[in-house]
Amino acid sequence: MSENENKNPTNFVKQIIEEDIKNRKNDSRVHTRFPPEPNGYLHIGHAKSICLNFGVASEYNGLCNLRFDDTNPTKEEQEYVDSISEDVRWLGFDWEDREYYASNYFQKLYEYAVQLIKAGKAFVCDLTADQMREYRGTLKEPGQDSPYRNRSVEENIDLFERMKNGEFEDGSHTLRAKIDMSSGNINMRDPVFYRIQRSTHHRTGDEWCIYPMYDYAHCVSDSIEGITHSLCTLEFEDHRPLYDWFLDQLNVFHTHQIEFARLNISHAVLSKRKLLQLVQENYVNGWDDPRMLTISGMRRRGYTPASIRKFCERIGVAKADSTVDMALLEYSIREDLNKSAPRVMSVLRPLKIIITNYPEGQTDDLDAINNPEDPGAGTRKVPFSKIIYIERDDFMEDPPKKFFRLAPGREVRLRYAYFITCVDVVKDDNGEVSELHCTYDPETRGGDAPDGRKVKATLHWVSDEHSLEAEVRIYEHLFEKADPDNPKDEADFKSYLNPNSLTVLDGCRVEPSLAGAEPGSRFQFERLGYFSVDSDSSDDKLVFNRTVTLKDTWKKIQKAKKQ
RNA sequence: UGGGGUGUGGCCAAGCGGUAAGGCACCGGAUUCUGGUUCCGGCAUUCGGGGGUUCAAAUCCUCCCACCCCAGCCA
């Protein structure tokens, strides 16, 4: 890693904050918040926001709150607040006792609304949703004032109180801000900020039948919590005038809203709506399906919190719409696991080898290094015997020029074990290679030839008698197309789903040291990739997820040849 | 002339008037008991386009072009 990458990268948000600190704005205090709506699971895009909010807070000796933006009881559930809390914590961030809910402020929000009515800045409107849409105008034409816009303060107060008391039907009345129906910014055309909605809230139960809307609740919540910098995504840019309007009218602490570009990743879909669709229509197996870029999916897949944080640091924070290459995410997890994951040998598609000159019934315990990147990780013993398995891909009967691995008559090294030479190829009735007969050179025990002769390849292997059976789940990109949700595309994003995104390999063989491996633990299967033990794994049956492959130069050469 | 934004290599992204950081990807080459890792080298005479200001412009001005967001009683 270059010296330059280690330097804490700058971005426009930090620049604003640094300027504010310099100018002693808010007494140079920095206080942010991560404000998820508990209506879905967190994904890598949220991780960007989490890292940004908690990151700048800690960098400038400030604080970051976790605040659930729970103003719409029809969509929100406790299940989601639990999963969100777990995910933020897992990512490595601590909000201490500052876990807040917009719903904590419902009473205060109500009182502020009354204050706005008294100031002549809000009115109760009887228009139906359809009527309101007509009065709103269009993008290019101004709207028209509601016929209820000029009700007296007294009448508005009375009506609003009765709304709260449940005297009206859902949707029959709204509380609206009195701003400007001809504004070019539609958000300023007398926006609704309270609606009647009789549904049970996951925290306040049936205490309220009116609920504040985002534009009102969010800015006031920020203000109540003393948030200095309210970071949100670009689509809220034209809500900022309304955000500012409420705080100005209320004359309360004024938080500064700053917008940044949301994250997109190639070969993936990141909107909550689309993720929900994949889950509900069973294109994936739940929110934590390892193919999903949800935090829970990535956790199950084997991603580390550090690798996700590093990824978020690398992609930067800016205002330009962008799509980050999935390769960068994969690089980030490889980089982390290369340093930390214990190495182990596993054979995914076994090809049997009989070492013809190896004594029957003998076992050889060979020393293997646990992690060449970490000398402190020590060594372990790996048993060798007469019958072993190697990867089918590591043998070719008629090898092309650059194939270095095993072939008839050729000698290769078995990692940490012996040099072997292929002397015979046995085929089944279909002409498929069913087993190989090889001889080994006892002099090469440990992997080096005393006479100094070299081999071109080192293969991983596993002993038939000692290895454990395992299921391995191989994942590829969920989408074949780099930009499955291109808005200009006529086709549905689901038509770009990769049919090979999941391949379940049964009958894989793993080395015995993996017995009892805990779910969630991560390993490098030498020469193959990084794998983690799935939550479905048990002592009876080990189940691994492939987190990511190793970089594969051989595969690249093959691909280049085909084209 | 509806409003609000954004355009720097294939993908991100620094740059803030002094002559294009960095990462990923890609292409070499060295080391290697993982075709991994590591290392070394290459990769924008040019910053959406045109004009202008200036000794000097990706940075300032101006016109144009492209793309994104907004018409929920969602967030």
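Reminder, nothing fancy here: chain letters follow the sequence lines and each chain counts from 1.
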Would you check if the distance from the ring center of A:Y194 to the ring center of A:F160 is below 6.0 Å?
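They qualify: ring centres under 6.0 Å apart.
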
Is a donor-acceptor contact shorter than 3.5 angstrom present between the side chain of A:Q524 and the base of B:U34?
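Answer yes: a donor N or O sits under 3.5 Å from an acceptor.
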
Pair partner, B:U6 [Watson-Crick or wobble, under 3.5 Å]:
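Here B:U6 is engaged in a pair, and the nucleotide opposite it is B:A66.
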
If we call it a pair only when both distances are under 3.5 Å in a Watson-Crick or G-U wobble match, what pairs with B:U1?
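Base-paired to nothing in any strand shown.
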
Determine the interplanar angle of the A:F384 and A:Y418 rings, folded into 0 to 90°, and report it as parallel if under 30°, tilted if 30 to 60°, perpendicular if over 60°.
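Rings of A:F384 and A:Y418: tilted, as their planes differ by 30° to 60°.
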
Under 4.0 Å between a side-chain N/O of A:R133 and OP1 or OP2 of B:G72, yes or no?
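Yes, because at least one side-chain N or O of A:R133 sits under 4.0 Å from OP1 or OP2 of B:G72.
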
Within the structure, does a side-chain N or O atom of A:Q131 lie under 4.0 Å from either OP1 or OP2 of B:C73?
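For B:C73, OP1/OP2 do not have a side-chain N/O of A:Q131 under 4.0 Å.
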
Residues of residues 258-267 of chain A with any non-hydrogen atom less than 4.0 angstrom from an atom of RNA chain B: list those, numerically ordered, please.
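Contacts with RNA chain B under 4.0 Å: none.
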
How long is the gap from CD1 on A:I16 to CD1 on A:I258, to the nearest 0.5 Å?
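It comes to 4.0 Å.
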
Measure the spacing between OG1 of A:T304 and CG of A:D336 and express it to the nearest 0.5 Å.
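Rounded to the nearest 0.5 Å, the OG1-CG separation comes to 3.5 Å.
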
Contact letters for nucleotides 24-31 of chain B, in which S counts primed atoms plus P, OP1 and OP2 and B counts the base, heavy atoms under 4.0 Å
SSSS----

Which side-chain N or O atoms in residues 400-407 of chain A pair as donor and acceptor under 3.5 Å with protein atoms at least two apart or in another chain?
| residue | atom | partner | partner atom | Å |
| --- | --- | --- | --- | --- |
| A:R405 | NE | A:D394 | OD1 | 3.1 |
| A:R405 | NH2 | A:D394 | OD1 | 3.2 |

Go through the structure and list residues passing ring pair (Phe, Tyr, Trp, His ring centres under 6.0 Å) with A:F68, not counting sequence neighbours.
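For A:F68 the ring pair (Phe, Tyr, Trp, His ring centres under 6.0 Å) partners, ignoring immediate neighbours, are A:Y101.
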
Just the rounded figure in Å: distance from C1' of B:A75 to CG of A:L42.
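That distance rounds to 14 Å.
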
Could you classify B:G29 for me, syn or anti, using a glycosidic angle within 90° of 0 as syn?
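In terms of base orientation relative to the sugar, B:G29 is anti.
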
Side chain of A:Q15: nearest nucleotide among B:C74, B:C16, B:A13?
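My answer, after comparing the listed nucleotides, is B:C16.
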
Just to verify, what does A:K14 make a salt bridge (charged side-chain N to carboxylate O under 4.0 Å, His left out) with, not counting sequence neighbours?
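In terms of salt bridge (charged side-chain N to carboxylate O under 4.0 Å, His left out), with neighbours along the sequence ignored, A:K14 is linked to A:E59.
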
Could you say whether the aromatic ring of A:Y214 and the base of B:A75 stack, counting only centre distances under 5.5 Å and plane angles under 30°?
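No, A:Y214 does not stack on the base of B:A75.
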
For nucleotides 64-70 of chain B, tabulate all protein N/O to nucleotide N/O atom pairs closer than 3.5 Å, reporting atom names and distance.
| residue | atom | partner | partner atom | Å |
| --- | --- | --- | --- | --- |
| B:C68 | O2' | A:D321 | OD2 | 3.4 |

